[in-house]
There are 2 protein chains.
Amino acid sequence: MLKTYSMFDDILQRDQHAVAKGTILKSEGEESHSRMYVAGGWLAASKSLEDGEQQIIEFILPGETYDPTATDGKTSFLQIEALCDAVIVSIDKTSWAQLLRQDPELRKSERQREIAAQARQSERMLRLGRASAETRIAYVLIELCIRVSRQGTGFDSEFHVPFGQQQLGDFTGLSSVHVCRTLRRLNRAGVIRTGDHMDILIKDQHALAELAQVDIAALRDEITTDAA
Amino acid sequence: MLKTYSMFDDILQRDQHAVAKGTILKSEGEESHSRMYVAGGWLAASKSLEDGEQQIIEFILPGETYDPTATDGKTSFLQIEALCDAVIVSIDKTSWAQLLRQDPELRKSERQREIAAQARQSERMLRLGRASAETRIAYVLIELCIRVSRQGTGFDSEFHVPFGQQQLGDFTGLSSVHVCRTLRRLNRAGVIRTGDHMDILIKDQHALAELAQVDIAALRDEITTDAA
DNA sequence: TGTCGGCATTAACCCACGTCAATTCATCGA
DNA sequence: TCGATGAATTGACGTGGGTTAATGCCGACA
């Protein structure tokens with residue numbers, strides 16, 4: 001989570017506005033002159049093929065900022081959508097640049113955040129291109145678990161995913177039907193337990209990490225650093 | 001391509017060293033304290049699953065720099081390998097930081113480069129997760145063609161890929177056998193013509209763009225900006 | 001309390017792509 | 001000139017995951 005900066009805080013207090021689940025905050029190719037700050041709720045940054053197939057590139061969680069503006073400085077190269085009811089703040093480029101100029105700490109933490117994001121992207125590309133459905137699902141569960149946990153502290157084995165299996169598929173490159181099949185299988189194997197409304201309980205952290213082909217400790221460091 | 005900077009040039013003249021095709025310049029998790037500059041040849045940045053499956057995350061072309069150092073500032077989160085005989089220069093972090101501090105132009109162009117890289121990654125993730133083999137192959141051909149072309153000027157419909165079908169598969173998330181099949185099919189359809197040694201001639205640019213589900217003009221802008 | 005709409009679940013079926021293996025071909029050192 | 005090596009190519013075959021569609025469940029709303 002971002003540390004507290006008086007001027008930053010000031011901006012975040014103004015201009016908050018609530019958006020309903022499903023709201024599209026920015027579309028691909030649309031004008032974009034601001035960085036978004038998520039005060040509450042989850043967003044998804046995604047791209048679509050002409051035939052309508054959607055791929056979620058990144059989830060944006062409360063306390064994070066995101067700017068999908070392309071190199072032209074004008075248009076967004078991603079679509080940003082609210083996965084659940086959310087509260088967001090638009091910080092215009094000028095204000096953001098000013099914040100960065102004034103605050104070396106913020107500058108440094110944003111730099112770290114970018115590097116961490118790039119590492120995460122690489123890890124996801126590896127799974128998208130090369131891993132089985134089971135590995136992909138196991139991985140996303142671990143990743144989400146860790147990212148949710150750091151809002152509290154440490155590693156909570158139980159967490160809530162505020163969106164459906166369709167979106168999980170859009171993120172892992174699978175159909176919602178196969179996401180379902182895979183989650184059932186993990187349930188039957190006793191690795192996880194799914195409750196109502198996409199509540200997830202990781203029953204066997206070790207087995208899940210095995211399936212995801214990931215070293216949990218390393219991943220936690222990587223993702224957690226993101227917040228520094 | 002990077003513009004000319006006296007001090008930058010100075011560094012690039014020293015410390016050049018040649019590496020043979022297949023050389024692994026950095027391994028995943030290995031110590032990494034420098035940024036690499038490619039004076040000649042192509043590199044690949046990749047990640048691997050425990051079972052050995054490899055995914056190429058990015059190609060690094062002559063004139064580009066790359067730094068795979070993770071947020072810990074110590075280890076590389078990618079493997080860097082020479083796809084063909086290459087000449088590279090290691091620029092240590094301190095020198096690089098100094099260059100950035102002294103040169104606002106370089107700082108700005110690197111910033112642009114990072115944004116462009118992120119847009120490219122998103123585009124690739126979309127294809128990895130959601131597109132057919134044909135679309136992926138068509139897309140990578142167009143992407144490579146444009147990136148090679150900008151070393152000269154404009155869009156050359158004929159170009160050379162200095163590595164094999166296996167690596168094309170490692171980049172697109174396909175098996176080398178299926179890469180081969182797909183290339184043959186594109187040949188038979190008259191969209192491309194493959195010559196010896198992975199020489200590619202795009203015979204029908206429009207049809208290829210159609211298959212790739214991409215707007216060539218937009219993509220060219222995006223990739224070309226990368227070089228600013 | 002009923003009805004409606006959206007999501008999860010499951011089964012049946014199919015196909016795009018992976019795997020394995022044989023064949024050809026180009027390169028290269030002895 | 002002769003293997004020897006490694007990549008491209010092609011065919012046969014198997015399968016993981018997509019598609020379709022039926023069913024059930026829950027929450028919202030009247």
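No experiment lies behind these values; they were computed from the predicted model shown. Quick note on labels: first sequence line is chain A, next is B, and so on, each numbered from 1.
- Proximity of a side-chain donor or acceptor of B/Arg136 to a complementary backbone N or O of B/Ala131 within less than 3.5 Å is detected.
- Take B/Arg185 and apply the salt bridge (Lys or Arg N to Asp or Glu O under 4.0 Å) test, not counting sequence neighbours, and it matches B/Glu134.
- A/Tyr66 places a side-chain heavy atom less than 4.5 Å from the side chain of A/Leu78.
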Enumerate all atom pairs, one protein N or O and one N or O from nucleotides 26-30 of chain C, separated by less than 3.5 Å.
unit_1	atom_1	unit_2	atom_2	d
C/dT27	OP1	B/His197	NE2	3.2

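- Within residues 127-138 of chain B, the residues approached by DNA chain C to less than 4.0 Å at the level of any non-hydrogen atom are B/Ser132, B/Ala133, in residue-number order.
- Atom pair A/His178:NE2 and C/dT10:P shows a separation of 14 Å (rounding to whole Å applied).
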Less than 3.5 Å apart, which donor and acceptor atoms pair up between the side chains of residues 199-207 of chain A and the rest of the protein, not counting sequence neighbours?
unit_1	atom_1	unit_2	atom_2	d
A/Asp199	OD1	A/His160	ND1	2.8
A/Asp204	OD1	A/His206	N	3.3
A/Asp204	OD1	A/Ala207	N	3.0

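- Contact of the A/Glu28 side chain with the A/Ser48 side chain is registered, since non-hydrogen atoms from C-beta on lie closer than 4.5 Å.
- Under the side-chain hydrogen bond (donor to acceptor under 3.5 Å, both in side chains) criterion, A/Ser32 pairs with A/Lys26, A/Thr69, sequence neighbours left out.
- The nearest whole Å value for the distance from the CG atom in A/Leu168 to the C1' atom in C/dC7 is 14 Å.
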Steps toward salt bridge (Lys or Arg N to Asp or Glu O under 4.0 Å) verdict (A/Arg124, A/Glu58): CA-CA 10 Å; A/Arg124 288 172 194 149; A/Glu58 181 64 281; 2.9 Å; yes
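- Atom CD in A/Glu53 sits roughly 9 Å away from atom P in D/dG18 (whole-Å rounding).
- In this structure, A/Gln167 atom CD and C/dA8 atom C1' are separated by 13 Å, rounded to whole Å.
- Although no hydrogens or angles enter the test, the distance criterion places a donor-acceptor pair under 3.5 Å between the side chain of A/Glu30 and the main chain of A/Ser27.
- Looking at heavy-atom distances under 4.0 Å, A/Gly173 makes contact with sugar-phosphate atoms alone, never a base.
- For A/Asp85 (side chain) and A/Lys21 (main-chain N/O), a donor-acceptor pair under 3.5 Å exists by modelled atom type.
- Atom pair A/Arg185:CZ and D/dG17:P shows a separation of 8 Å (rounding to whole Å applied).
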Nucleotide N/O to protein N/O under 3.5 Å, stretch nucleotides 8-13 of chain D:
unit_1	atom_1	unit_2	atom_2	d
D/dA8	OP1	B/Gln165	N	3.1
D/dT9	OP1	B/Arg184	NE	3.4
D/dT9	OP1	B/Arg184	NH2	3.1
D/dT9	OP2	B/Gln165	NE2	2.6
D/dA12	N6	B/Arg181	NH1	3.3

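- A donor-acceptor pair shorter than 3.5 Å cannot be found between the side chains of A/Thr71 and B/Arg113.
- With ring centers used as reference points, B/Phe163 lies under 6.0 Å from B/Phe59.
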